[in-house]
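No hydrogens, no waters, no symmetry mates; every other heavy atom, side chains included, goes into these values. Reminder, nothing fancy here: chain letters follow the sequence lines and each chain counts from 1.
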Number of protein chains: 2
Amino acid sequence: MDKAKTKKLKDQGWIVGSTQDFLGLTDDETAYIELKLTLGQNLKKRRLEKELTQIQLARILKSNQSRVAKMEAGDPSVSIDLLIKSLLVLGTSRQELAGIIALA
Amino acid sequence: MDKAKTKKLKDQGWIVGSTQDFLGLTDDETAYIELKLTLGQNLKKRRLEKELTQIQLARILKSNQSRVAKMEAGDPSVSIDLLIKSLLVLGTSRQELAGIIALA
DNA sequence: TTAATTTATGTCAGATTAGACATAAAAGCA
DNA sequence: TGCTTTTATGTCTAATCTGACATAAATTAA
């Protein structure tokens, strides 16, 4: 959120903070969640580049459509483990994986 | 293994192949295992840099010594998830994490 | 619009993983 | 050497994660 918008909201009486503040997450918990979101977004990006539906990707991953949807959304029920395994199945190299993770 | 050594063994009648060949792993399975090993090695590196014993690190991670040993060894009972979470607790940045993963 | 396709959300049983514990093995030191 | 500290290995139960399924919501095409 930009500073101007933050100030405006505060002037109106809103208490403004980050989601992290709100949920009381530690830095490492926040980093974990953000990393998961990034990986999920990249999985979606790769799926769309290959012009696959979630069902088609699910077949490749030997999973199902609902889990693919949750992976792409970084759902709490999905581990980073599964996301990395999925990216590797799609042929993502370690260098590419590193590139994804480096994205802030 | 270098080529000269491979040739010598083959000349002696040995059948030479990679561990991957032997176990019949797919490329992505191999990549997953290697990635886990790399992360475990880095966790150990960071522990030693901080001059911590496995017990001390376990306390920080709210885990126990045996699991730390398994993490450092890339044991099958340890997920990449746990390794990444542990590195993040130790303050590893995403850029550092990317650097680790990029290591062949 | 409506129908078809695609994606999102909720639940659950089975599989996997984590922490705890015991104990063995290895390393360091007197 | 023996004693201490550290690390490795094996097993258990509880907790977490996954695939499967149902179904709702959203998107697309006709």
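Between A/L25 atom CG and A/T30 atom OG1 the span is 4.5 Å, to the nearest 0.5 Å. Between the NZ atom in B/K85 and the OG atom in A/S79 there is a gap of 8.5 Å [rounded to 0.5 Å]. With rounding to the nearest 0.5 Å, the separation of CG in B/L61 from CG in B/L87 is 9.0 Å. Atom NZ of A/K44 sits about 12.5 Å away from atom CG of A/N42, to the nearest 0.5 Å.
Contacts of residues 29-54 of chain B with DNA chain D (heavy atom under 4.0 Å): B/R47, B/T53, B/Q54. Residues from residues 78-88 of chain B that place a heavy atom under 4.0 Å from any atom of DNA chain D: there are none.
Within the 3.5 Å criterion, the main-chain N or O of A/V78 finds no donor-acceptor partner in the side chain of A/K70. In this structure a side-chain-to-backbone donor-acceptor pair under 3.5 Å is missing from A/E72 to A/A69. Without hydrogens or angle criteria, B/Q95 side chain to A/A102 main chain gives a donor-acceptor distance under 3.5 Å. Under a 3.5 Å cut-off, the side chain of A/T92 and the backbone N or O of A/L88 do not form any donor-acceptor pair.
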Close N/O contacts between protein and nucleotides 27-29 of chain C (under 3.5 Å):
none

Could I get a table of every N or O pair under 3.5 Å where one atom is in the protein and the other is in nucleotides 12-14 of chain C?
none

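Note on B/L83 and B/I60: same hydrophobic cluster, where clusters join Ile, Leu, Val, Met, Phe, Trp and Tyr whose side-chain heavy atoms are under 4.5 Å apart, directly or indirectly.
Mapping B/K70 and A/S63 onto DNA chain D via the closest heavy atom, the residue that lands nearer the 5' end is B/K70.
Heavy atoms of B/K62 sit under 4.0 angstrom from primed sugar atoms or phosphate atoms, though from no base atom.
Listed here is the closest heavy atom pair of B/I101 and A/A98: CG2-N, 4.1 Å. The minimum heavy-atom distance between A/S86 and A/M71, with the atom names listed, is OG-SD, 3.4 Å.
When side chains are defined from C-beta on, A/L82 counts as touching A/R67, because their heavy atoms get closer than 4.5 Å. Residues A/V89 and B/T26 are not in side-chain contact: their nearest non-hydrogen atoms beyond the backbone lie 4.5 Å or more apart. With contacts defined as side-chain heavy-atom distances shorter than 4.5 Å, the pair B/R46/B/E96 qualifies. Taking the side chain as every heavy atom from C-beta outward, A/R94 and B/T38 approach each other to under 4.5 Å. Residues A/R47 and A/L43 fail the side-chain proximity criterion, which asks for heavy atoms closer than 4.5 Å.
Around CD of A/E49, the count of heavy atoms belonging to other residues, nucleotides or ligands within 6.0 Å exceeds 12.
Read 5' to 3', the first and last nucleotides of DNA chain D with an atom closer than 4.0 Å to a heavy atom of chain B are D/dT6 to D/dT11.
Between the two ends of the helix from C/dT1-D/dA30 to C/dA30-D/dT1, each summarised by a five-pair axis, the helix axis turns through 50° (rounded to 10 degrees).
Of the residues listed (A/R59, A/Q56, A/Q54), the one engaging A/Q65 in a side-chain hydrogen bond (donor to acceptor under 3.5 Å, both in side chains) is A/Q54, and it is the only one.
As rounded to whole Å, 13 Å separates atom P of C/dA20 from atom CD of B/Q65. Rounded to an integer number of Å, the gap from CZ of A/R59 to P of C/dT7 is 13 Å. Computed from coordinates, the A/N64 CG to C/dA15 C1' distance equals 14 Å when rounded to whole Å. Residue B/L61 contributes atom CG, which lies 15 Å from atom C1' of C/dA20 at whole-angstrom precision.
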